[in-house]
Amino acid sequence: MSDIQFTKEIQQQRDFFFSGKTRDIDFRIAQLKKLKQLIMENETKMADAIFLDFGKSEFDLYTTELSIIYTDINESIKKVKSWSKRKRIRTNVLNMPAKSFIMPEPLGVSLIIGAWNYPFQLSFSPAVAAITAGCTVILKPSELPSRTSAIMAEIVNTHFDPGFFRVIEGGVPEMTALLKEKYDKIFFTGSIPVGKIVYEAAAKFLTPVTLELGGKSPAFVTAKCNMDVTVRRLVWAKFLNAGQTCIAPDYVLIEKSIETTFLQKFIAEIERSKFAVENGNYVQIINERNFDRVSAHLSGQKIFYGGKMNREQRHISPTLLTDIAFDHPIMTDEIFGPILPIISFTNLDDAIYQVKQRPRPLALYVFSDNREEQNKILSSISFGGGSVNDAMMHIVNPNLPFGGVGDSGMGNYHGIAGFRAFSHEKSVLHKSNYFEPSIKYSPHTPSRLLWIKRLLKWS
Ligand code: NAD
């Protein structure tokens, strides 16, 4: 049994929350500005750490992590006042004369658990949402990229009041101890199995959760697509971060008639992209365990393109597998690496049917210029979020709530969705004292009941 305990740290946060400081919007704005300033001052250190952790370049760090965090902070600073305002709501006839309104209030002490693949973004962006909503934050980044976790701890723990914002580093023992405590909100990003552990721990205290999980995200490519644009965008989305992106296209569903041309162009684009750490646009697989997990998909497999591996450097080159059927073993779990299975179809309805039989994906992409095909796919399959004629870029629009559905998660964030994830919408009816109709009181006569029914109809 581990003797790690965080009871004191959580109590310190609860005391801070009850002090009421976080209810002050100016306090929240000041904390957001401070966080932004600290991240800006530490950009170089962060770039060095993430490069040493898994070969991620400064360009990728900025475009896929820092830019999203800065957008979230700027958006929050600009809009937190209006998001936090009481909102007047129409009052129903039965309650008149009265006013009705919704008062957003912070949920309280929050626990945020990050994943390793975009370690800064997946830790700081939910923290920004929590601060904006007026919560206190215990942040547990992923332990796998250890240098990035250490930098986050340094940035936060030396500059923020620990009662308000604290980073706790560690792996499973620390997580197990953290999950024994009661929070007012848990926000988890990671795998489905660990998501279930978190959900179960939260259930003991009826703590609300947001679960940002993974899964197999399909990309439909039909004969009516713009082939050159499709190929360019798909190659970028699949091999960014060496395929270690929760919303990366996991597999491609291609219309049979264009498969040969698509594959030729796809390979040409991979070669043009020169994926290599030396070129600053390819990262390592995070650790040996994941290298072995991803490379196991290729053992005994007929490889159509790529398949070069170096365990010491934790590199797997962009790899294509063709002639894949839905019942192939690679179609069971999320790949989370630079291997792209291609499934061809001749009937779009059949392909849609097959996707619908599987767990609901976190993302889905439709590459087609035909409105009917786009609408058919978008409206018949349930998925977290996605795009038409692009892949992954929906995450950089802060006005689109980001999250999964079913097995890919619950709840969403970024922009106002993040504020709502850490808030409770308190609803209030403010009644006037001037008029007190007696219809709800005794004696309960038939005419009073008739009036109640009429008033309900008019409401
Ligand atoms: P993971 O579930 O292994 O780890 C996530 C967090 O949980 C880490 O902080 C880790 O320390 C902790 N953890 C690990 N094992 C635990 C256990 N047994 N008990 C308690 N806590 C534990 O996930 P990961 O490998 O870091 O990330 C990859 C997964 O995350 C993929 O499935 C990917 O799709 C998903 N993901 C989802 C999103 C999203 O926004 N939906 C974003 C990134 C990654």
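In this text the structure is predicted, and so the values were computed from the model without any measurement. Start at 1 and go down the list; that is how both ligands and their atoms are numbered. Starting from 1, each residue takes its place in the sequence as its number.
Distances between N or O atoms of E334 and those of ligand 1 include at least one value under 3.5 Å. The shortest N or O to N or O distance between E143 and ligand 1 is below 3.5 Å. The shortest N or O to N or O distance between L213 and ligand 1 is below 3.5 Å. Checked by distance only, ligand 1 and K140 come closer than 3.5 Å through their nitrogen or oxygen atoms.
The aromatic rings of H315 and Y282 lie tilted to each other, with the angle between the two planes from 30° to 60°.
Each of the atoms 5 (C), 37 (C), 38 (C), 39 (C), 40 (O), 42 (C), 43 (C) of ligand 1 lies under 4.0 Å from some heavy atom of T189. Every atom of ligand 1 with a heavy atom of G214 under 4.0 Å away is listed here by number and element: 34 (O). For ligand 1, the atoms sitting less than 4.0 Å from at least one non-hydrogen atom of F188 are 2 (O), 5 (C), 6 (C), 7 (O), numbered in the order shown with element in parentheses.
Which of G190, A115, P193 comes nearest to atom 30 (O) of ligand 1 through a heavy atom is settled by distance: it is G190. With distances taken over non-hydrogen atoms, the option nearest atom 42 (C) of ligand 1 out of C246, P126, G171 is C246. Of the candidates F402, Y413, W116, F336, it is F336 that places a heavy atom closest to atom 33 (C) of ligand 1. For the residues A177, G215, S191, the heavy atom positioned nearest atom 1 (P) of ligand 1 is part of S191.
Proximity of G114 to ligand 1 is established by a heavy-atom distance of less than 4.0 Å. By the 4.0 Å heavy-atom criterion, S142 is counted among the residues contacting ligand 1.
For the pair K34 and F160, the cation-pi test (distance below 6.0 Å, angle within 45°) is passed. Figure legend: cation-pi geometry between K185 and F422, with NZ or CZ positioned under 6.0 Å from the six-membered ring centre and within 45° of its axis.
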Subject >> Intermediate values then yes/no, ring pair (Phe, Tyr, Trp, His ring centres under 6.0 Å), F164 and F17 >> reply: CA-CA 8 Å; F164 170 62; F17 181 69; over 10 Å; no

**OP:** Applying ring pair (Phe, Tyr, Trp, His ring centres under 6.0 Å), run through W116 and F336 and close with a yes or a no.
**Re:** CA-CA 12 Å; W116 57 263; F336 220 55; 5.5 Å; yes

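A donor-acceptor pair shorter than 3.5 Å cannot be found between the side chains of Q13 and E9. Between the side chains of H328 and Q301, at least one donor N or O lies within less than 3.5 Å of an accepting N or O.
The protein atom (non-hydrogen) at minimum distance from atom 13 (N) of ligand 1 is V194 CG1, 3.7 Å.
In this structure a side-chain-to-backbone donor-acceptor pair under 3.5 Å is missing from E43 to M40.
The neighbour count for Y305 OH, taken as heavy atoms of other residues, nucleotides or ligands under 6.0 Å away, is above 12.
With rounding to the nearest 0.5 Å, the separation of NZ in K204 from CG in L179 is 8.0 Å.
By the definition of a contact as any protein heavy atom under 4.0 Å away, atom 24 (P) of ligand 1 is in contact.
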